[in-house]
There are 4 protein chains.
Amino acid sequence: MKAAVMHLYDEKLENSDWVVYQDVPDPKITNPSDVIIRIGGAGVCRTDLHVIEGIWRDHSDLTLPHILGHENAGWVEEVGNGVNNVKVGDKVIVHPLMTKGYCLACRRGNDMHAEDSIFPGINANGGYAEYLLTNDRALVKLPDNLDPKAVAPHTDAGLTAYRAAKQAAGHLLPGEYVVVIGGGGLGHIGIQVLAAMCAAEIIVVDRAEAALELSRKIGAHHTVKAGDGWVDEIIALTGGHGAEAVIDFVGEGDAVQKGLASTRNQGSYYIVGYGGKVEIPTIDMITSEKRIIGCLVGTFPELVELMALAERGLVKLDTHEYKLSDANKALHDLHHGKYTGRAVLVP
Amino acid sequence: MKAAVMHLYDEKLENSDWVVYQDVPDPKITNPSDVIIRIGGAGVCRTDLHVIEGIWRDHSDLTLPHILGHENAGWVEEVGNGVNNVKVGDKVIVHPLMTKGYCLACRRGNDMHAEDSIFPGINANGGYAEYLLTNDRALVKLPDNLDPKAVAPHTDAGLTAYRAAKQAAGHLLPGEYVVVIGGGGLGHIGIQVLAAMCAAEIIVVDRAEAALELSRKIGAHHTVKAGDGWVDEIIALTGGHGAEAVIDFVGEGDAVQKGLASTRNQGSYYIVGYGGKVEIPTIDMITSEKRIIGCLVGTFPELVELMALAERGLVKLDTHEYKLSDANKALHDLHHGKYTGRAVLVP
Amino acid sequence: MKAAVMHLYDEKLENSDWVVYQDVPDPKITNPSDVIIRIGGAGVCRTDLHVIEGIWRDHSDLTLPHILGHENAGWVEEVGNGVNNVKVGDKVIVHPLMTKGYCLACRRGNDMHAEDSIFPGINANGGYAEYLLTNDRALVKLPDNLDPKAVAPHTDAGLTAYRAAKQAAGHLLPGEYVVVIGGGGLGHIGIQVLAAMCAAEIIVVDRAEAALELSRKIGAHHTVKAGDGWVDEIIALTGGHGAEAVIDFVGEGDAVQKGLASTRNQGSYYIVGYGGKVEIPTIDMITSEKRIIGCLVGTFPELVELMALAERGLVKLDTHEYKLSDANKALHDLHHGKYTGRAVLVP
Amino acid sequence: MKAAVMHLYDEKLENSDWVVYQDVPDPKITNPSDVIIRIGGAGVCRTDLHVIEGIWRDHSDLTLPHILGHENAGWVEEVGNGVNNVKVGDKVIVHPLMTKGYCLACRRGNDMHAEDSIFPGINANGGYAEYLLTNDRALVKLPDNLDPKAVAPHTDAGLTAYRAAKQAAGHLLPGEYVVVIGGGGLGHIGIQVLAAMCAAEIIVVDRAEAALELSRKIGAHHTVKAGDGWVDEIIALTGGHGAEAVIDFVGEGDAVQKGLASTRNQGSYYIVGYGGKVEIPTIDMITSEKRIIGCLVGTFPELVELMALAERGLVKLDTHEYKLSDANKALHDLHHGKYTGRAVLVP
């Protein structure tokens, strides 16, 4: 099959070709629960850039050469002899984790903290390819009105944004505020989830005017141009208190310190983006009773929930289609902020 | 001042004149925390009919003659010498309970279960009058864009519907269903609260086509005409399972048995309306793990939250204005189902 | 193998022989996830009497002849070729439900509400036998210090009591009260779970002095002899308010009405026992904001949690050992209240 | 009256006399809700040392000269004319915050985040004196078996420890672990609260053997001597995962970094002690989904709950009595770690 393969790390992201479009062997069924997916679309994610940079070397068993792509959707091509929940031809979206379902985390519904799991695209070959190997437990059937290439980024970008926004929506009351830092690929999904699931006022902070404009169209009640003084604007918008929830889709640069400063006492600061560092004196944590909460992808049931939102049109992805053979261009366009929303590779 | 005064019970609701429009002494400040409100509007509630029927005799210290009216909004007319949170002229909506704030229920935020409270309109004189005596802790200031007579029914009808819908919204996930039984005075508020606060699909059951039509306009995704077979329709709409939440604004006749039958296993059946009886074998409760939850008005902070929804136009009341001198007509029109939404008496 | 087999229903529980001790074919592995357990002990449960009475005919696919026994523990005897989580010889306790792990309930951790499951002892052959067929997902490995026949009743009696008590402990605060109705087979486990997991004062109601005495030894702070006036005693013990939680392990006779009357406003009444009926006017539900909550067995993770309590000696079962060939005697002794605690059949 | 008065800051804690035992004017009733307490005991707290160091200058409106002492209990000496909940002679413990009860935080039960409050001992005169001025809303009546000087430290040390431990107990399940960093003044209360309110295994880390010995007596299941390798010991004790909850009563030095490292994925790290700094890369927060939660004193209802535990002997304070005139000695003994548990000044 054809695939876009990564052969080298590029720590400073200086190279022009990060992946090579080439022939590789087709994936094969070896376990009863294995499933091969014909890729309809594979989302391009900032995490792919972080993989190329080498950030994930210490956090996973990644080996080179490697096929990127952890945001996948398509059709069931072949199934192992123990698979009963899907059949060949089914249109599916692929949860990013392959789990077995026996550990206590899985049994409690926290499958993304499974003791023994595989994350194709990170520590196994992913979906920048014609076919992907995953397993039966990772598959959510798509309703008629959802197209694989239109929803593929939901499996990670969407799911991560959904999980963070769902947690915030769980405690946000009418009359309260939520700040979304970053109205881009993940942020524009988070905004829609918040608008669908709670009645708090949504404030979006971004440095790009295009992102703020998109944010206003999809549910933001207030937008703030990121600059030196944006914390003051949040404080003013929230009656002097800060927001009850802040969801930080950036997680680097001054976003962290400013995000925490924008959080109201007893409020929650959700970290989704990464690359930076949390630094705060313990006295400030105790006098404020703030909460700092790390957020990582979401569970299989949460992907089902997100698809229910997508089916009803409550969460729409802003996608940009690239041919699989143009994977390098898609990655560079992401790196240079050439589009809002999310790129999808189509074989 | 003028008031509409109830002098007699009427158990079968057969009389033409349930209240007398007459002169009565003005209320007077006697405690430092007392506040007198000039009534802008007083909502007419089915509970007023239940008071006239005598249902509440065993549930409160009601004495005759009595001024009905527990849904009040207006302007601060006079304040006791200990009042600091409002001042004369403030536009306010009146929480139905006068509490002191010292018992553990109040200290925990559950003020509607205060150990020592007064409920004007039930066990003290209410707002079917030009002036109402309440206290400082009952008052929520209204924003500029909300008019007392347009929001008065929120203090009980709205608040009760809000509290039930908020509880349901707290556990309803995308892909799940909520059934609202009764799309009338309380129901039409509950529907809007659910639409604002969760992403579950909303199914409204009512016997009146007008109520179903209104329901569709304000957020219902499905409507079911109440009749013998409506449970089957709910089961079919919900994929054979029943709904994760059922909010019963009727609470009498066959609504209770059908409401429980429409509730999914592990789901919650919220009782708001009353007059009927819950009857279910314990074996059915244990095999289904259903929950039956009684709902009563709401707390002061919940009234603040509801006003935040109203200020932003997320919850609109369908009101019908009557002169205070026409209180009997308003009560009879309610009794005979002459309008959808909610009547308000204006002095 | 030898088994105690039920051939007939006995609606009035009048017969002397409810089961026949006889030879039956050994169970066989047919699916990759199947596991055969050599029974170390099988608990005798009031539900077995209800099965004999025929109460469960309308609630399950039970067919005769039938091997009772849903509370099982022992050693892994044989495994299907897909089983990896246990191996032959492992000492295990058997969760009562065989599930597959693919439906949304399983994926969310609510496996006892699985869409497709088997309940050996109810709708498949159970553990009143030398061997039992179950599957890999039902098995919890036992620590060294726990013996199968000493813990077998935990799989249903223990797990059901645990789940109800855990829910109550989740909201009970210091200074609050919990009433346990019935200090017998399930109750004596519930009391120990409450004592381990919350700091509320525990009040036990039972008609048997022996049960009250046992209760005091294992954690009850107050005991009340069941009689006409026991609700008044609860009200007096709780400062006039009733208890914040009532766990009803009886669920029939006057327990239900009295249990609800003993529940404080905004409190929760948990139904575990069955045979009776909930009957309460809706007006009493709404003015009190009580909650009625059905409780059914528990999840696989909850069985793991219960074994953690048992391993540390925090929950001890009061068991009475019978030979499997004496199953009829064990059942009759249960029926006639000849012992406190729980009987276990040993092959 | 006599009082121990602080006249100067001492940033390096080098002076011998931090307070002066002298005559000062008696406090006076000026508001209807004011109450004057005759001090039975005033706890000595590490926060008093932090006040002397000047750490709180930027976090409060503290002015010199100042009477320290925010952990107070005694008897009602005099009441304002609006006070109804206590009367002269009542034995009471004093919640550290004077609140008014009208802001939304108070109305929701979060009174320690009141918009407008006074914290005697921090930004008003405290209880290192014969008499203290507070208000009616701060007072919890003591049961017969609790003596003011034996419980005074509960108002801050106890309440803070209770609130953190209660939060942890709210999610800790049997089979899980909680680490308590610091088994001293606050820690020894936290351990008892955890033992009373959950069934998790308690691991205590401290550098003092005496604190570890006390910890074992009052509920710790495992103790770890603080040293370079203590994180490894925690990881080993918890099966390689870390603890589901870590409560850090130290909050400075390497405790913060080690506390976070001892927290299991999806676990919660509660900060109670202060002086240090949280520093963690965002990538570590997102891959682990850890939560960092600041904890500050507790609410009035939480003080009532703690007194319920104390009344039943479930939480005992290890106190050391000093005369008020020996306040300097008590403070220096604290500074030099001369005792475990908690010092109390008695006028």
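What you are looking at is a predicted structure, and each value in this text was computed from that prediction instead of being measured. Note on naming: letters A, B, ... go to the chains in the order of the sequence lines (proteins, then strands), and numbering restarts at 1 for each one.
For A:Ala199, the side-chain contact (heavy atoms from CB on, under 4.5 Å) partners two or more places apart in sequence, or in a different chain, are A:Pro174, B:Ala196, B:Met197, B:Leu309, B:Leu314.
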Kindly provide each donor-acceptor pair between chain A and chain B shorter than 3.5 Å, listing atom names and distance.
from	atom 1	to	atom 2	distance (Å)
A:Ala199	O	B:Arg312	NH1	2.7
A:His221	NE2	B:Arg312	NH2	3.0
A:Arg312	NH1	B:Ala199	O	2.7
A:Arg312	NH2	B:His221	NE2	3.0

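Only the backbone of A:Ala200 comes within less than 4.5 Å of a heavy atom of chain B; no side-chain atom from C-beta onward does.
Distance CD1/A:Ile202 to CG/A:Leu194: 5.0 Å, rounded to 0.5 Å. Atom CG of B:Leu186 is separated from atom CD1 of B:Ile247 by 10.5 Å, given to the nearest 0.5 angstrom. One distance of note links CG of B:Leu142 with CD1 of B:Ile93; it measures 5.5 Å at 0.5 Å rounding.
Ranked by heavy-atom pairs shorter than 4.5 Å toward chain A, the options B:Gly170, B:Ala308, B:Cys198 are led by B:Cys198.
Heavy-atom minimum distance, A:Val193 versus A:Ala165: CG1-CB, 3.6 Å. A:Cys295 approaches A:Ala164 most closely through the heavy-atom pair SG-CB, 3.8 Å. In plain terms, the two heavy atoms of A:Leu306 and A:Leu159 that are nearest each other are CD2-N, 3.7 Å.
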